[in-house]
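We use all heavy atoms of the structure for the numbers below, so side chains are in, but hydrogens, waters and symmetry mates are not. Every chain is numbered from 1, with letters handed out A, B, ... down the list of sequences.
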Amino acid sequence: MKKTMGSKYDPKTFEQAVYQYWMEKKHFSANPNPDKEPFTIVLPPPNITGQLHMGHALDHVIQDVLIRYKRMRGYEALWLPGTDHASIATEVKVLEKIKREEGLSKDMIRREDFLEKAWAWKAEYGDRIVEQMMKLGNSCDWDKERFTMDSGCNDAVTKVFVNLYRKGLIYRGNRLINWCPDCGTTLSEAEVEHEDQQGKFYHVKYPIKDSEEFLTIATTRPETMLGDTAVAVHPEDERYARFVGKTVMLPLVGRELPVIADDYVDRSVGTGALKITPAHDPNDFLIGQRHDLEIIDIFDEKATINEKGGSYEGLDRYACRRQIVEDLQREGFLLEVKNHEHAVGVCYRCHTAIEPRLSDQWFVEMAPLAKPALEALKKGELKIVPDRFDKVYSHWLENIRDWTISRQLWWGHRIPAYYCQDCGEIMVQETPPATCSKCGGTHMLQDEDVLDTWFSSALWPFSTLGWPEDTALLKYFYPTNVLVTGYDIIFFWVIRMVFSGLEQTGELPFEHVLIHGLVRDAEGRKMSKSLGNGVDPLEVIESYGADALRFMLATGNSPGNDLKFQMERVEAARNFANKLWNASRFLLATLEEGEDYSFKTTELELADKWILHRLNETVKEVSRDLDRFELGIAAGKIYEFVWDEYCDWYIEISKIRLYGEDEQRKAVAKGVLLEVLTDILKLLHPFMPFITEEIWGNIPGVDSDLIVAAWPGENQDRVFEEEARSMDRLMKAVRSLRNIRAEMEVSPKVRARLLVEGDAGVRQLLGDEEKILMALAGIKEVVLIQEEPAEEVVTAIIEGARLYMPLDDLVDYGREHNRLEKEFQKLTGEVKRARGRLSNQGFLAKAPEALIQEEEAKLAKYEAMLKEITERLEVVREKIQES
RNA sequence: GGGAGUAUAGCUCAGGUGGGAGAGCGCCUGCUUGACGUGCAGAAGGUCACAGGUUCGAGUCCUGUUACUCCCACCA
């Protein structure tokens, strides 16, 4: 895939082609390989409801970085992709589409026709999502792509349902469940969100039968009084003790209700008297059971009043509320109306207020499943990163309620329960029964409902690998290693995968859970369709390239924290890619095909040893950070190394040799430049796979692919502590001289002489490396001197030396004085700090010896420099006096 | 009612084991140096929210306060 690199970094010209190339070479495919360790990530399957948003991009980039890193480290790295049928969400979308295009609502179409359209939807959106993932650069093994409703996943779902049923952990029961009147289905506890709403507290008069007295009931939902079957007070409430056992008359309806006493009633809330509506409130339901109260269900599935509501029949719940209030008012039963803010449960999909509703549903008994899931975390077998989410996980499991899994929907896994129409027997099994096992009848009907979409998601880490079959994939790749997802989905998904994995496979489905935050817009708001503030990843890729988007998402934030999306940061990442592009272009242009650019340690110069040393350190740190899932820190270190050390220092220094005459030294410089660049490409590849592969392909003599190149290791041959320290000193000298030029406003065209007076070590260093000073600090000649020069000079003080620049008539002692004065202040501060510390008896007694010595050395250094500065300031002051 | 997070430069955020406060963007000053102006060089800019505590030493650990954000929760 070699071609000449254009002078501008233009990701559009190669990203697509590079991805295509990887696909052709099958670099993403992973298969059981006894010679390698497996490393597995299953992709949290995106919903087929639409396209990928920035949150997906973040989730995917993290996983791709980890997968690519592990692949390069020699693991058989499998990233298994797929999509989720998203039962309720997709059903709503497809119904909307049908409504829009054909004008038909759900009750006007047949289940089979609906399913056909839903599968067409899946085909369209599933493909679109895959395309988007490819644009992002996701190195998924596409041959293993799965869908939560493909036949394998269906088998797994059925198998698990049957397993749990036979163990008695799935049961059918008549309970008060959460009902969404708009979606027309049951919801689990997790699917109900709580929103604070401004409501009203209605105080209503419930007359005592055959008496002038009455009880005042406070309620936020007066319409539910149509279903009242009692009034409750606290057993020890003296205010109401005499009414217990009596009967009240339900206003407007006239039904007689018993006054009962129950501990549940809180005397301090409202009036202390509570109307009981067992069919429409979870607490009232429990109280109703305790007192054997009648249950009157006044709503139909649309939350419209049914025939039990008498004259209110046919009214929607809110219309009914208005009517009831009006009637109460008119009849004199309404005593008071107060504003009242309270939490209302709403559907997580459509935000309609949920209605507690009594119905027959399927449930999973959670207590036995929650226990091992809790223990796995406590024993440290499951690790959540960052660990502050441990509490979220534990708290949920410790307070878990049974999971309502049946949904009155069409799109999803149909429940494998069969009802005999002859004798009513219920049969739960993997294949439809031909005859009833009890009466032998042949009129069997399958349950109409489907399963909660999260039921199949919970099996994802093993259903995708072939479970319940004992496949080679499952044996090799399961359990998986890391699960990467957002904190918003811990309850829905992570926890359910953990207990399902433990229950069905006997193993944790993964060892690490890496939690990331939400992507927010530049103002910190959640990106959402309704706000219209979403940023489309594809558009960003179009303008800046996938690498820039990836780098932006992977940096500048730490695990678990939300990320604000700012285009300026994408731009900065793009600029970084451009920087790398140009640095590579610069080097590669000097290389010849077929040349050998290896070098011997003896041929290395100071700067070479320094950059190799720094590279070695960077490799070590980046590897460690990636192992700890600190992607942002790792990427930051690569960025700094590439831009500051490699480009701004090393390449500039290397030009001395590259533009020089000495062929041997030129070759060594090229060798080191190349050596460092290849490792840079490797380190950066997980973050910016496209540009690094593209550059890699342009290196003469390279016939391998970067994506499968070996990750750089630490190298003892690259440890040059001493040289790194010298280089550091040299760099300080260069910076001081540049500072002089800038502060004294000396034109870059003026090439100054440099006189060096100081200790032997520094003089030798600066003498030996005079070329570097010449090239980087605008020096034309370095002269080692023994005493103060007579000519007009400005001075830089570095450790162990004075550097004098004779600037002819450009020396401005006023400016020089200010500059030195600033230095003087700084050094005075340093000396003061070091002295203060060393005169602290506590510090001397308790601090580590090495630290004390270090501090002493610093003090000596700064005192010496301060002395130099002071002397020099004296001289400058005299000069000013003279003029 | 519980729980969590955040508070560091003008803005957005990093700051592994406690030991001289960092980056990107922005701002200011120079720069047509043959990889790159998507660049180079140099500067300015911080009471690390507040108050206590532990420690020789705290942005970092502990306690409390304030502000904002989020999650959980069946007080009508």
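Salt-bridge annotation for A:Glu855 and A:Arg833: present, with a side-chain N of the basic residue lying under 4.0 Å from a carboxylate O of the acidic one.
A:Arg624 comes within contact range of at least one nucleobase, with a heavy-atom separation under 4.0 Å. Among the protein residues, A:Asn840 comes within range of the sugar-phosphate backbone only, with heavy atoms under 4.0 Å from sugar or phosphate atoms but none that close to a base. A:Tyr862 comes within 4.0 angstrom of a nucleotide base, judged by non-hydrogen atoms across all strands. Residue A:Arg741 is out of contact with every strand shown, counting any heavy-atom pair closer than 4.0 Å. Residue A:Asp625 is in base contact, counting any heavy-atom pair closer than 4.0 Å across all strands shown. Across all strands shown, A:Ser558 has heavy atoms under 4.0 Å from sugar-phosphate atoms exclusively, and none from any base. At the heavy-atom level, A:Pro848 lies under 4.0 Å from base atoms of the strands shown.
Using atom C1' as the reference point in both B:rG24 and B:rU32, the two lie 27 Å apart (nearest Å). Across B:rG26 and B:rU12, the matching P atoms stand 15 Å from one another, rounded to whole Å. Comparing the C1' positions of B:rU60 and B:rA21 gives a spacing of 12 Å, expressed to the nearest Å. Going from the P atom of B:rG45 to that of B:rC62 covers 33 Å, rounded to whole Å. Using C1' as the reference atom, B:rC31 and B:rC36 are 15 Å apart when rounded to the nearest Å. B:rU69 and B:rC75 have their P atoms separated by 22 Å, given to the nearest Å. To the nearest whole angstrom, the two C1' atoms, one in B:rA41 and one in B:rU54, are 46 Å apart. Comparing B:rA14 with B:rU29, their P atoms sit 32 Å apart, to the nearest whole Å.
Take A:Arg751 and apply the side-chain hydrogen bond (donor to acceptor under 3.5 Å, both in side chains) test, not counting sequence neighbours, and it matches no residue. The salt bridge (Lys or Arg N to Asp or Glu O under 4.0 Å) search around A:Arg735 returns none, not counting sequence neighbours.
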Per-nucleotide protein contact along nucleotides 31-39 of chain B, 5' to 3', at a 4.0 Å heavy-atom cut-off (B base, S sugar-phosphate only, - neither), is S--BBB-BS
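Between A:Phe551 and A:Phe576, a ring centre-to-centre spacing shorter than 6.0 Å is recorded. Aromatic ring centres of A:Phe641 and A:Trp649: separated by at least 6.0 Å. For A:Tyr348 and A:Phe492, the ring centers are positioned less than 6.0 Å apart.
Shown are A:Thr224, A:Asp284, A:Thr229; of these, the side-chain hydrogen bond (donor to acceptor under 3.5 Å, both in side chains) with A:Lys275 is made only by A:Thr224.
Using a 4.5 Å heavy-atom cutoff, the side chains of A:Lys620 and A:Glu617 are in contact.
In a base pair of the Watson-Crick type (N1 to N3 plus N6-O4 or O6-N4) or a G-U wobble (N1-O2 and O6-N3), with each distance short of 3.5 Å, B:rG1 is matched with B:rC72. Base-pair partner of B:rA67: B:rU6 (Watson-Crick or G-U wobble, both distances under 3.5 Å). With a 3.5 Å ceiling on both atom-pair distances, B:rA58 lacks any Watson-Crick or G-U wobble partner. Pairing partner, B:rC13: B:rG22, with both Watson-Crick or wobble hydrogen-bond distances short of 3.5 Å. Pairing partner, B:rG39: B:rC31, with both Watson-Crick or wobble hydrogen-bond distances short of 3.5 Å.
In terms of position along RNA chain B, the nucleotide closest to A:Leu851 lies nearer the 5' end than the nucleotide closest to the other residue of the pair A:Leu851 and A:Leu286. Toward the 5' end of RNA chain B, the nearer of the two residues A:Ala572 and A:Val192, judged by each one's closest nucleotide, is A:Ala572.
In this structure, of B:rA73, B:rC75, B:rG42, it is B:rG42 that holds the atom nearest to the side chain of A:Arg738. Of all nucleotides listed (B:rC70, B:rA4, B:rA76), B:rA4 comes nearest to the side chain of A:Lys391. You'll find that the side chain of A:Ala847 is closest to B:rG19, out of B:rG42, B:rA76, B:rG19. Distances were taken from every side-chain heavy atom of A:Arg401 (C-beta onward) to each of B:rA73, B:rG19, B:rA76; the shortest belongs to B:rA73. The side chain of A:Lys564 sits closest to B:rU12 out of B:rU12, B:rA76, B:rG19.
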Could you go through the side-chain contact (heavy atoms from CB on, under 4.5 Å) check for A:Phe285 and A:Ile295 one step at a time? CA-CA 8 Å; A:Phe285 180 73; A:Ile295 296 171; 4.0 Å; yes
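Distances shorter than 4.0 Å separate none of the side-chain N or O atoms of A:Arg388 from OP1 or OP2 on B:rA4. A:Asn399 has no side-chain polar atom (N or O) that falls below the 4.0 Å cut-off from OP1 or OP2 of B:rG3.
For A:Glu193 and B:rA73, the CD to P distance is 11 Å, given to the nearest whole Å. The CD atom of A:Gln841 sits 13 Å away from the P atom of B:rG57 (whole-angstrom rounding).
We find the CG-CD1 distance between A:Asp387 and A:Ile515 to be 11.5 Å, quoted to the nearest 0.5 Å.
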